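Structure first, commentary second.
Computed over heavy atoms, backbone and side chain alike; hydrogens, waters and symmetry mates excluded. Keep in mind that what you see is a predicted model, and the values were worked out from it rather than measured. In what follows, every chain begins at residue 1, and chains take the letters A, B, ... in the order their sequences are listed.
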Number of protein chains: 2
Amino acid sequence: MSTPERLIESTRELLWERGYVGTSPKAILERAGAGQGSMYHHFKGKPDLALAAIRRTAEELRATAAGVLDGPGTPYERIEAYLRRERDVLRGCPVGRLTMDPDVIASAELREPVDETLDWIRERLAGIVEEGKEQGQFGAELDGEEIAATILATVQGGYVLARASGSPGAFDAGVRGLLSLLSPRSPMSSR
Amino acid sequence: MSTPERLIESTRELLWERGYVGTSPKAILERAGAGQGSMYHHFKGKPDLALAAIRRTAEELRATAAGVLDGPGTPYERIEAYLRRERDVLRGCPVGRLTMDPDVIASAELREPVDETLDWIRERLAGIVEEGKEQGQFGAELDGEEIAATILATVQGGYVLARASGSPGAFDAGVRGLLSLLSPRSPMSSR
DNA sequence: GTCTATATGCGGATAGAC
DNA sequence: GTCTATCCGCATATAGAC
């Protein structure tokens, strides 16, 4: 792997583990096995390198989500697949955690890929919910955009609960609870 | 206000704004209008002061939540009151945000009040859901603990979505979505 | 491109005067 | 109790040699 590549990958790991404020150039260099000169040759500084890292992480998360959301199955099944997909729960969301970083939120450039990614997932979920409504799998009284926000928030908040307790249990409980609320009525019945 | 008081209050504010890693003793002292000596006279160091601040914030959040959850109304109404209570959404949750702080999670002592508080709210919510089931307001197929986790996760995740987008809209949307899913069936009807 | 040297200031804390 | 002085090392970056 090239030096810039190793720098970006090391930064991605550290941003996930420690956030932007908690990540120092020195730690990045040690992990990447590079010297100071390399980093400042390829990147303008910490914010510039972080931007490259965040963009890649955001891209990757979108791809992962798309893989599940575009999969086979009914709308409910695809949402279930999204909620139950394998996750390293205690590590948290590599994108969502950045929203708690004051320096990320303060920078329009750093915040943009975060916002865009979560928004993209939300829109995809909203479309699937609307699809489910058309098929009668979800009640007509539900609002796709709202339910999408609920689904994504449950995931993001699930990470918070899990990390607080030091165990993934609360994440899984939240997901099961949401799935029970979303559980499709039998075909042709109405509320 | 006494000097230790001012130190604790300043620390609480900074922990909320910038997290543990992003908060320096120097910043605390400036905000509190105190000198280095005062801080190290009253507290053993940054972790000790942070512990006092976190405990107080946790206590305060429990009290606020209790005020709403113990209020009047049906179980659904109390949950709605909890979800819709006034919040400074873009600031995030002063307790939940600490779960993204690596140094807080790494310290059993600092993590404890965070864990305890979120767990306490979860248990209270679970009890209210069970109450609602007994009264036929919620379906018997729902699990109190799971729904409680979903509710709390929706709130915690709502903060994430709102901060990502720079606007409270997504928080509110997630709450409305959840309320529509929880919406009680008319009395005496069954699923 | 990568390395080592160097720089300024902050993070976190101790010592001891008042 | 509070202040100032002082400490060591890290955070972040620049300069210039190889």
Side-chain angles (χ1 to χ4, degrees), chain A residues 1-56 97-98 100-111, chain B residues 1-56 97-98 100-111:
Chain A
M1 200 161 37
S2 71
T3 297
E5 274 306 304
R6 287 198 326 272
L7 287 169
I8 292 177
E9 289 303 313
S10 300
T11 304
R12 298 213 303 146
E13 291 171 19
L14 282 162
L15 286 179
W16 197 353
E17 290 167 24
R18 306 200 35 90
Y20 182 85
V21 170
T23 294
S24 70
K26 187 182 185 186
I28 294 169
L29 296 173
E30 270 165 18
R31 192 170 294 214
Q36 301 247 87
S38 291
M39 167 173 160
Y40 285 100
H41 175 75
H42 295 287
F43 300 93
K44 284 197 270 290
K46 174 177 165 176
D48 188 42
L49 175 50
L51 181 58
I54 291 173
R55 281 187 173 148
R56 184 173 299 181
R97 72 116 47 238
L98 296 171
M100 294 304 146
D101 232 302
D103 291 6
V104 170
I105 294 305
S107 155
E109 228 182 351
L110 293 178
R111 186 168 63 80
Chain B
M1 199 160 41
S2 70
T3 298
E5 274 306 302
R6 291 202 321 276
L7 287 168
I8 291 177
E9 289 304 312
S10 299
T11 304
R12 298 212 304 144
E13 291 172 20
L14 282 163
L15 286 180
W16 196 354
E17 288 168 24
R18 310 201 30 93
Y20 182 86
V21 170
T23 295
S24 70
K26 186 181 187 188
I28 294 169
L29 296 173
E30 271 165 18
R31 192 169 294 214
Q36 300 246 89
S38 291
M39 165 172 161
Y40 286 100
H41 176 74
H42 295 287
F43 301 92
K44 284 197 271 291
K46 174 177 165 177
D48 188 42
L49 175 50
L51 181 58
I54 291 173
R55 281 188 175 146
R56 183 173 298 181
R97 70 114 50 240
L98 297 171
M100 293 304 145
D101 232 302
D103 291 6
V104 170
I105 293 306
S107 155
E109 228 182 352
L110 293 179
R111 186 167 63 79

**OP:** Could you check whether A/T23 gets within reach of a base, just the sugar-phosphate, or nothing at all, counting any heavy atom under 4.0 Å?
**Re:**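 The answer is sugar-phosphate, as A/T23 gets under 4.0 Å only of primed atoms, P, OP1 or OP2.
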Original post:
Base, sugar-phosphate, or nothing for B/G37, non-hydrogen atoms under 4.0 angstrom?
Top reply: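 If one applies the 4.0 Å heavy-atom cut-off, B/G37 turns out to touch a base.
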Original post:
Counting only heavy atoms not in A/E5, do more than 12 fall under 6.0 Å of its CD?
Top reply: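 Yes.
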Spacing of [X] atom [atom1] relative to [N] atom [atom2], expressed in whole Å:
{"X": "B/R18", "N": "C/dG11", "atom1": "CZ", "atom2": "P", "result": "9 Å"}
{"X": "A/K26", "N": "C/dT4", "atom1": "NZ", "atom2": "P", "result": "13 Å"}
{"X": "B/Y40", "N": "C/dT14", "atom1": "OH", "atom2": "P", "result": "7 Å"}

Original post:
Which two nucleotides bound the region of DNA chain D that has atoms under 4.0 Å from heavy atoms of chain A, read 5' to 3'?
Top reply: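 Under 4.0 Å from chain A, the extent on DNA chain D is D/dC10 to D/dT14.
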Original post:
For the side chain to side chain contact (heavy atoms under 4.5 Å, CB included) test, which of B/D103, B/L51, B/D101, B/I105 pairs with B/L110?
Top reply: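 Considering B/D103, B/L51, B/D101, B/I105, a side chain to side chain contact (heavy atoms under 4.5 Å, CB included) with B/L110 is found only for B/L51.
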Original post:
Can we say A/R6 and A/E9 salt-bridge, meaning some charged N sits less than 4.0 Å from an Asp/Glu carboxylate O?
Top reply: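 Salt bridge between A/R6 and A/E9, a charged N being under 4.0 Å from a carboxylate O: no.
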Subject >> Residues forming a salt bridge (Lys or Arg N to Asp or Glu O under 4.0 Å) with A/E17, sequence neighbours excluded >> reply: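 With sequence neighbours excluded, A/E17 shows a salt bridge (Lys or Arg N to Asp or Glu O under 4.0 Å) to A/R31, given in chain and number order.
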**OP:** Name the residue closer to the 5' end of DNA chain D, choosing between A/K44 and B/H41 according to the nucleotide with the nearest heavy atom.
**Re:**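 Looking at DNA chain D, the more 5' nearest nucleotide goes with B/H41.
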Original post:
Do B/L29 and B/L7 touch side chain to side chain, with heavy atoms closer than 4.5 Å?
Top reply: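 When only atoms from C-beta onward are counted, B/L7 and B/L29 do touch, with a gap below 4.5 Å.
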**OP:** Of all the heavy-atom pairs spanning A/A52 and A/I8, show the shortest one and how long it is.
**Re:**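 Nearest pair, atom of A/A52 first, then A/I8: CB-CD1, 4.0 Å.
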